[in-house]
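Below is one structure; the comments refer to it alone.
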Amino acid sequence: MAASELYTKFARVWIPDADEVWKSAELTKNYKHGDSTLHLTLEDGMDIEHKLDDKTKNLPHLRNPDILVGENDLTALSYLHEPAVLHNLKVRFTDSKLIYTYCGIVLVAINPYENLPIYGSDIINAYSGQNMGDMDPHIFAVAEEAYKQMARDERNQSIIVSGESGAGKTVSAKYAMRYFATVSGAATEANVEEKVLASNPIMEMPKGSDDSYRVTSVNQCSVVLCVQMPKGSDDSWAQKLYNTHLKTCSLFEKPRMSNKAFIIQHFADKVQYQCDGFLEKNKDTVNEEQINVLKASKLDLLVELFQDEEKVTSPTGTAPGGRTRLSVKPKEIRSGASSKEHKKTVGCQFRNSLAMLMETLNATTPHYVRCIKPNDLKFPFTFDPKRAVQQLRACGVLETIRISAAGFPSRWTYQEFFSRYRVLMKQKDVLSDRRLTCRNVLEKLVQDQDKYQFGKTKIFFRAGQVAYLEKLRADKLRKACVRIQKTIRCWLVRKKYLRKKHAAITIQRYTRGHQARCLVKYMRRTLAAITIQKFQRMCVQRKLYLQKQAAALVMQTILRAYMARQKYQGLLRNHKAVFIQKHVRGWLARQRYKRSLRAIVYLQCCIRRMKAKKELKKLKIEARSVEHFKKLNVGMENKIMQLQRKLDEQAKDNRVTSERLNSLETSHAVESEKLKVEVSKLKGIEEEAKNNANRVTSLLEELERLRKELTTTQKEKKTIEDWATKYRDEMEKMVAELKQQNGLLKTEKDDLNRMIKEQSQQMTEKMTRALVEETQQLESDLNEERSRYQNLLTEHLRLEERYDDLKEEITLSVSVPKPGHRRTDSTHSSNGSECTYNSEFAESEESSRHGEDVTRGMDTSLTLKLQKRVTELEQEKSSLRNELENKEEQFQRARDDEEHKKSRGAELEYESLKRQELDSENKKLKHDLTAMRQSLLGNAGAGAGAPGSPPYKVLMDQLNSSCEELEVRKEEVLILRSQLVSQKEAMQHKETMTEPVHYAEDVHKMKDSGAITQAYLGLKETNRLLEGQMQQQRRSYDNEVEVLRGELQSVKEENNRQQQLLAQNLQLPPEARIEASLQHEITRLTNENLDLMEQLEKQDKTIRKLKKQLKVFSKKIGEMGAGHVETISPGQMVEETVRPVNIPRREKDFQGMLEYKKEDELKLVKNLILELKPRGVAVNLIPGLPAYILFMCLRHADYVNDDQKVRTLLTSTINSIKKILKKRGDDFETVSFWLSNTCRFLHCLKQYSGDESFMKHNTPKQNDHCLSNFDLAEYRQVLSDLAIQIYQQLIKCMESILQPMIVSGMLEHETIQGVSGVKPTGLRKRTSSIADEGTYTLESILRQLSAFHSTMCQHGTDPELIKQVVKQQFYIIGAVTLNNLLLRKDMCSWSKGMQIRYNVSQLEEWLRDKSLMLCGAKETLEPLIQAAQLLQVKKKTDEDAEAICSMCNSLSTSQIVKVLNLYTPVNEFEERVSVTFIRTIQTRLRDRCETPQLLMDTKIIYPVTFPFNPSSLALETIQIPGSLNLAFLTRV
C-alpha cells in the first residue's frame, strides 16, 4: 500500500531522540510523495518539522495502535522495529510492573532490582502443566516447556541465560532450578535449587577486562593476544595497538577523548576497552610450542633461560661464568606429574570450553532467556532507554525481531479475524463459510496479496498489516461514532426546539387569557364601585338619623333609670345593713382563726421544706456515687411517693380552701337572691312608703347608716380579698416550687434509671459480645481442629496405602516362580469382579504369612519406621480426637450456658412480674381492708354488724374471695406435690430397674441359693411385667386423653367455624345465603365421607390383622392336634386314614433383622460391596440400601449376642469399602455411592444406639429396634474417619474432573458473543476466546455440576453434605479462575469483567434452581466477583480509589494492584490505569493486615461435618432385590 495511506493526519510515528533514543510524535498534515519534511506534534504539545534524509528519503517508523501496546509477545506487534520493541518493554516494565516478555522463542527478562512475589509455590503450581503461550511470560513457563519436552521427547534440554553483569542471569537460573526441584517432588529438601545449581554445568562466557564492557552473549566474544614483554606497560601497549591496527584494521578504533582505551567493532555493537591494568589482569602463560622452539635454539642464553625445573637450583643462581641466572618459572615447585605439564593459555582454555559448550548445546534442545539491565544505578523499576537499547542491539533480540518482521509475524484464526473485523464487512459480504468470507473481505481491503497468506486454520500477515487493518477499523468506528453523535445531537436539538415552541405557545395562551381576565375584572370593579357609592351615601344619611334618634331615647332612659335606681339603692341599703353586719362579723372571726391555722401550717411546711432540701442535698451527694445507684433507685421511689403524698395533701388543702371560697361565693349568691327577693318586697314597701310619708326621714337616716356600714364592709371585703389573693399566690408559688422539685427529682430518677439501664445494657451487650466472640473463637478452633484431624487422617491413609504397597512389593520380590506358565502384569485381568473375594482373601492371607516368613530374614528397618510412624499418627489422631471432643463439649457447654442465662433471665423477669402482681394484690387487699374499717367505723350504730348491713356484706365478700383464693392455692400445692411425687417415683423406678442385676448377684451369694434365688428373680420378673403393663396402660390412657382433647379441640374449632359461617351467612342476601348454606353442606358431607373412608380403611386393616391372627391360631391348634395324635399308639395310626389338609403359609411380623451364617460373611461383603456397581444395579435400589442391609445383619449379630460376628462384620465392611475405593477411587459415582452409604450406616448406628439424644425422632417401632447388647461408639468414630477419607477422595475426584473445564469455561469461552475483543496472538499459541469444537464452555461446567448434584441426590447423600460438597466445588471454580486471571494479562479487560460477572450470575442461578443459595457457595465466589467489578469500575479519581478500597474487601492488596497493573484495553476507546492511581490505591491499602500471597490456595479442603440425619424408613419394610444375589440372607 502507498505511504500516503499510512502517513496521514493524526498518524503517530517514532523519531530519533538523543535522550530518550526514540520519541513519539503525531502528524498534523498528510504526507505526500516528494515532501522533504513532516509536520509533527510531540506529546508535550510542541510543533516541529522533521526533515527526511535527502539520499534515502526514509520515513520514520510508524507507531503501533494502543491496543497492541503492552503485548506479552513482541512478535504480536504489527510494526516490528526497534522503537516499538523498546516502547513495549518500557510500558510493561514501568507501568504494568511486568519483567518478562516473549520475543518469539526468546524470553526477555528485565531485572527489577526488587523482590517480587511471583516465585512462590503457588505460582509454580499455577504454571505446572500449562502450555507456554497460555499464561503470561515467566521463567517458570520456559522451565515448564523444557521439563515437558524432556519428559515427552526423552531428549536433554538446555536453557541459555545470557546477559551482562547485573542483569539477573544467576537469579533466573536459580528460579529455573527451583521450578525443576519443585515439580520433580524434591522441594521439601532445603536449598534444593542451590544444590542443583551448583551441580549443573552452567557456563558464563569470558568478557572484556573492564566493567564498561557490558555486552553479554554466547555468540559474541572477543579474545585479545597476550603481550609476555617484561618492560611493557599499559601505555606502551596501547600505543603499540594504535600503531599496529589503527590504520590497517577497520574493526579497530581509537576513542576521541582518551589515549588509554580502544574500541572494537563487534557485529552487534561497538565495545570500548580501558587499558589501565589491562596487562596485569590479562597475564598469560607462553604457548608450549613457542617454548619448545626457544629450547631448541642454538643460543645458550635462551637454552639456559628455558631449561627444565629440575636443573635449576634456585630462581636466582650463579652461572658458571659468574653471571646471575634468571628464570621465568615461579618460586613454588609443584610436585608430582602435574608439575611437568605445561599450563594452557587463556585462549586455549576458552576454545576448549567453547567447544565443549557447543557440543553440549548441539546435543540438547535449547531454550533462550535474555536478561536486560534496565539502569546502571540499580534503581527498582527504573528504565533507561539508552542502556536498554544497547543491550537489545547486542543480545540479538532485535535480530530476532528483524527475522520475524521479514516473515509473517501476525497470525489470526479465521474466526478471530471475523470477530475482530466484522465492522469492516457489509451484510452481503457475510457468508456461511467463514474462510471464504475472510478471503473476500481481505482481498478488498488489502490489494497487495504478498502482504498476507491464507493457511489451513489461520491468516498470516506481514509486518504493518494488522496496524493498517486496525486503522481501517478505527476509522470505520470513528465514522460510526460521528454519525451516531450527529443523529443524537440533531435529535436533542430538535427535541429542545419543539419543547421551546410548545412552551412559547403555552405562555402566549396563558398571557392572553390573563389579559382578558384582567379586563373583565376592571369592568366589574367599575360597576361595583358605582353601586357601592350609591348605597354608601344612603347608609351614611340613614345612620346620622338613627344616631340622633337613639341619643334622645338613651338620654330619656338614663335619666328615668337613674331616678329609679336612687330610690331602689336607698331602700336596699337600709334593709340589708343589719344582715350584712351580722354575717360579716362572724365571717371575720372565722377568718382570723383560719389565718392563724394557715400560718401555723405554712410554718410547718417551711420547716419541712428546709429539712427536705437538706435531705435532697444529701441525696444528690449520694447520687453522684455509682455504688448507690441501685439503693437510690429503691429509696427514691419511696421518697417520691412521700413527696407525692405530701403534694396530694397540699393539693387537698388547696381544694378545701377553694371549696370554702366557693361556698362563700355561693352563700353570697344566695344572699343576693334573697336581696333580690327583698328588693321585690321593697317595691311593695315603696308603694306603702307613698302612703307613709312620715317615715321617709327615719328611713333616710337608716339608709345613710347602712351606706356607711356597707362602705366599711366593702373595705373589709377588699382587705379579705387581697389577703386571699396573696395567700393563693403564695400557695401557687409553693405548689410550683414543689412541682419543680418533684420534676427535678423525677428527672434525676429518670437519669439514674437511664444510667442504670444503659450500664446494664452495656454490660449485657459486652457479655453478649464476649460470648459471641468466644463462640466464634470456639467455632474457629473447632474448624481448625477438624481440619488438622482430617489432614492427619489423610496422612494416615496415605501411609497405610504406602505400607500396603511396600508389603506387596516385598512379597512379590521374594516370591519363588513356579515352573510352567508365569502370569505377568499384562495377563492379569483389570476387572476386579472376575476374581472372587475368597480367593483374594486367601491369597492375601497366604502372601502376608509368606511375606512375614521372608521378611524375618530381611532388613525390616523400613517396615519398623512405617509402623512407628503409623503408631505416632494413631496416637496423634486419638489426641486430636479427644481434643476435638473437648472443643465440641466446650462449644456445647457455652451454648448451654447461654441458653441457661436466657432461661434464667426469663425466670427472673417472671419472678419480678409475679412480685409486682403480688404487690398490687397486697395493695388491693389493704385498700379493701381500709374500706371495710372505714365502713365499720362509719356505721358505729347498734345494727352496724348485723346481717344485711353494708359492713357485713363487704366482710362476706372479702371472706368469699379469700376462700376462693385459698382453694386455688390449695389446688396449686396439690398439683405441685403430685408432680414431685411422680418424679420421685420415676427416679425410684429407674433405680429399681437398674438394681435387679446387683440384687441377683447378692442373692446368689447367699447360702440358700436354691428356691430363694428363683423366687426372688421370679418376683422381680413379675414386678417388671406388671410395671410394664401399668406403663403401657398409662401410655394408652394418656393417648386416649390426648385423642379426646384433640377431638374436643376440633369440636370447638368446628363450633367456632360454624358460628363464623352463620354470622357471615346472616349478613348475606337471601339468594347468596342459600347458595352458601348449600356449599357448606356439600363440604361437610365430603369431609364426613372422607372420615368414613378412613375409618373403613382402618377397619379393613383391623380385619386383615385379625385374619392373620386367626390363621396363626388355627395353625397352632393344628400343631397341638398333631401332637395329640402322636401320643396315640402306632397301630391306631396305621388303621386310621388321615385326610389331606391344606395348610396355609403363615405370614410373619418381621423385626428388621437379617440372619446369615458365619461362612457367608465373605460372600455378603463380595456381593454387596466389592462387586456392586453404582451404575446399573444400584441405580434402581433404595438410597442407602447396602447400608440398611449391613445394619440389619449387624442387628441380628447383636440380637444373638455374638461379639465376634459383630467385630468381623464391621471390620470386613470397612476394609472392603477401603479396597473398592482404592481400586475405583477415580470414579465419581463409586466414591459418591459409598460416601452416601457410609454416612447412612453411621446414622443407623447412631439412630439405633439407644442413646436418648439420637432417639428423639424415632417411632416407637424404631425404638424397639435399638441395639441391645453392644456399644459401638468406637466403631462410629472409625466410620466417621472413613467417611472423612471418602469425602476427601470425592473432592479430589471432582477437582480432577472440573480442573480442565474451569479456565476454558469461565475465562476463555465467550459466553456473550460480540462483547470480548480479540487481539493478535503472535508466535506463541494463545487460547482463543471463540469456542471451537471440543473446547469447554460454561454450559459444560453447569452440566457437570448438575451431574454431580443429581448423582449425589440419586445416591441419597445427606442434604447438608451436598451443601458442603457444592461449597467446595464453587471454591475451586472461583480460586482457579481468579488465579488464572491474575496470571494472564490478556484476560484483564472491561469486556472480560462483564463475561465473568455473567458467568458468575449463571452459577448463582444454578444454585438458586437447586435451592442451595444458603450453603455458603456464593460467598466463595466473592473474590472473583470483586475482581470482575474491579475490571469494570472507573479508575481515575480519588473517589474511585476510595470506592475500590471499600468494594474489594475480599481481595488482598497485592491482588488488587496486580489486576490494575494487568488491566489492558481491548478497544481504542478504553484507557489504561495510570501509575498515580495505582500508587493511590497502595497508599490507601497499606494499613491492611493480610498475607502477601498473590494466588489463592486451590488445594484447601474445608473441614467436613456429618450432621445426624435419622431415617424414617422402617427396617421391617425393606425388601432385598434378587439382583444383589443375597438369597442366603434370611429375614427375621
Would K1367 and E1419 count as a side-chain contact (heavy atoms from CB on, under 4.5 Å) here? Give the steps.
CA-CA 9 Å; K1367 180 181 178 182; E1419 287 72 13; over 6 Å; no
Let me see the working for W1406 and V1366 under side-chain contact (heavy atoms from CB on, under 4.5 Å), right down to the final yes or no.
CA-CA 11 Å; W1406 184 88; V1366 172; 4.1 Å; yes
Before giving the answer on side-chain contact (heavy atoms from CB on, under 4.5 Å), spell out for L1524 and L1185 the whole-Å C-alpha distance, their side-chain angles and the decisive distance to 0.1 Å.
CA-CA 11 Å; L1524 295 180; L1185 180 61; 4.0 Å; yes
Under the side-chain hydrogen bond (donor to acceptor under 3.5 Å, both in side chains) criterion, do Q1493 and S1452 qualify, and how do the steps go?
CA-CA 8 Å; Q1493 188 173 0; S1452 63; over 6 Å; no
side-chain hydrogen bond (donor to acceptor under 3.5 Å, both in side chains) assessment of E145 paired with Q149:
CA-CA 6 Å; E145 187 71 13; Q149 292 186 12; 3.1 Å; yes
So D1281 and Q1277, side-chain hydrogen bond (donor to acceptor under 3.5 Å, both in side chains) or not? Walk me through it.
CA-CA 6 Å; D1281 296 343; Q1277 185 61 42; 3.2 Å; yes
Could you please spell out the steps behind the side-chain hydrogen bond (donor to acceptor under 3.5 Å, both in side chains) verdict for S1450 and E1422?
CA-CA 7 Å; S1450 297; E1422 195 62 31; 5.2 Å; no
side-chain contact (heavy atoms from CB on, under 4.5 Å) evaluation trace for F1191 with L1515:
CA-CA 9 Å; F1191 179 73; L1515 297 178; 3.9 Å; yes
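Side-chain contact check for Y1287 versus Q1364: some heavy-atom pair is nearer than 4.5 Å. Between L1210 and L1272, some side-chain heavy-atom pair lies under the 4.5 Å cut-off. Contact annotation: the side chain of L1345 approaches that of L1403 to within less than 4.5 Å [non-hydrogen atoms, C-beta and beyond]. By the 4.5 Å heavy-atom criterion applied to side chains, L1424 and I1373 are not counted as neighbours. You'll find the side chain of N1380 stays beyond 4.5 Å of the side chain of M1387, heavy atoms only. Taking the side chain as every heavy atom from C-beta outward, L1209 and Y1156 approach each other to under 4.5 Å. You'll find the side chain of L1451 reaches within 4.5 Å of the side chain of L1378, heavy atoms only. Proximity of V1365 to H1349: side-chain heavy atoms (C-beta onward) are nowhere separated by under 4.5 Å.
At least one donor-acceptor pair closer than 3.5 Å links the side chain of S1236 to the backbone N or O of G1356. Between the side chain of N1167 and the backbone N or O of N1525 there is at least one donor-acceptor pair closer than 3.5 Å. Between the side chain of S1280 and the backbone N or O of R1276 there is no donor-acceptor pair closer than 3.5 Å. The backbone N or O of P1507 lies less than 3.5 Å from no partner atom in the side chain of T1505, so there is not a single donor-acceptor pair. Looking at Q1247, its side chain does come within 3.5 Å of a backbone N or O of S1511 through a donor-acceptor pair. The main-chain N or O of M132 is never found under 3.5 Å from a side-chain atom of E144 such that the two would form a donor-acceptor pair. Using a distance-only test at 3.5 Å, with no hydrogens or angles considered, a donor-acceptor pair links the side chain of S1296 to the main chain of C1293. A distance-only check finds a donor-acceptor pair linking the side chain of Q1368 to the backbone of Y1502 [under 3.5 Å]. Using a distance-only test at 3.5 Å, with no hydrogens or angles considered, a donor-acceptor pair links the side chain of T1420 to the main chain of A1417. One N or O on the side chain of N125 and one on the backbone of S121 form a donor-acceptor pair closer than 3.5 Å.
Considering every non-hydrogen atom in both H1309 and L1338, the closest pair reads CD2-N, 3.9 Å. Closest non-hydrogen pair, C1353 versus I1362, comes out as SG-CD1, 3.9 Å. The two residues C1193 and L1529 make their nearest non-hydrogen contact at SG-CD2, 4.1 Å. Taking every heavy atom of both residues into account, L1383 and A126 meet most closely at CD1-CB, 3.4 Å. Contact detail for P1510 and R1240: the closest heavy-atom pair is C-NH1, 4.1 Å. Minimum heavy-atom separation, Y1336 to S1304: O-OG, 2.8 Å.
The aromatic ring centres of Y127 and H138 sit less than 6.0 Å apart.
Side-chain contact annotation: H1355 with N1237, donor-acceptor N/O pair under 3.5 Å absent.
One distance of note links CG of L1412 with CZ of F1370; it measures 8.0 Å at 0.5 Å rounding. From T1377, atom OG1 reaches atom CG of L1381 across 8.5 Å, with rounding to the nearest 0.5 Å. Distance CG/N1399 to CG/L1307: 8.0 Å, rounded to 0.5 Å. To the nearest 0.5 Å, the span separating CE on M1192 from CD1 on I1520 amounts to 6.0 Å. Remark: T1337 OG1 to R1343 CZ distance equals 5.5 Å, nearest 0.5 Å. Atom CD1 of I1220 is separated from atom CD1 of I1286 by 11.5 Å, given to the nearest 0.5 angstrom.
Annotation: K1499, atom NZ; neighbour count of heavy atoms from other residues, nucleotides and ligands within 6.0 Å does not exceed 12.
Relative ring orientation between F1348 and F1228 is described as tilted, the plane-to-plane angle lying within the 30° to 60° band.
A salt bridge (charged side-chain N to carboxylate O under 4.0 Å, His left out) with E1171 is found for exactly one of K1163, K1166, R1224, namely K1166. Paired with T1238 under the rule side-chain contact (heavy atoms from CB on, under 4.5 Å), one option of I1284, I1217, L1221 passes, and it is I1217. When each of L1361, T1230, D1358 is tested with L1235 by the rule side-chain contact (heavy atoms from CB on, under 4.5 Å), just one qualifies, namely L1361.
D1386 has a carboxylate O that lies under 4.0 Å from a charged side-chain N of R1384, or vice versa, which qualifies the two as a salt bridge. Remark: K1292 does not engage E1295 in a salt bridge, criterion side-chain N to carboxylate O under 4.0 Å.
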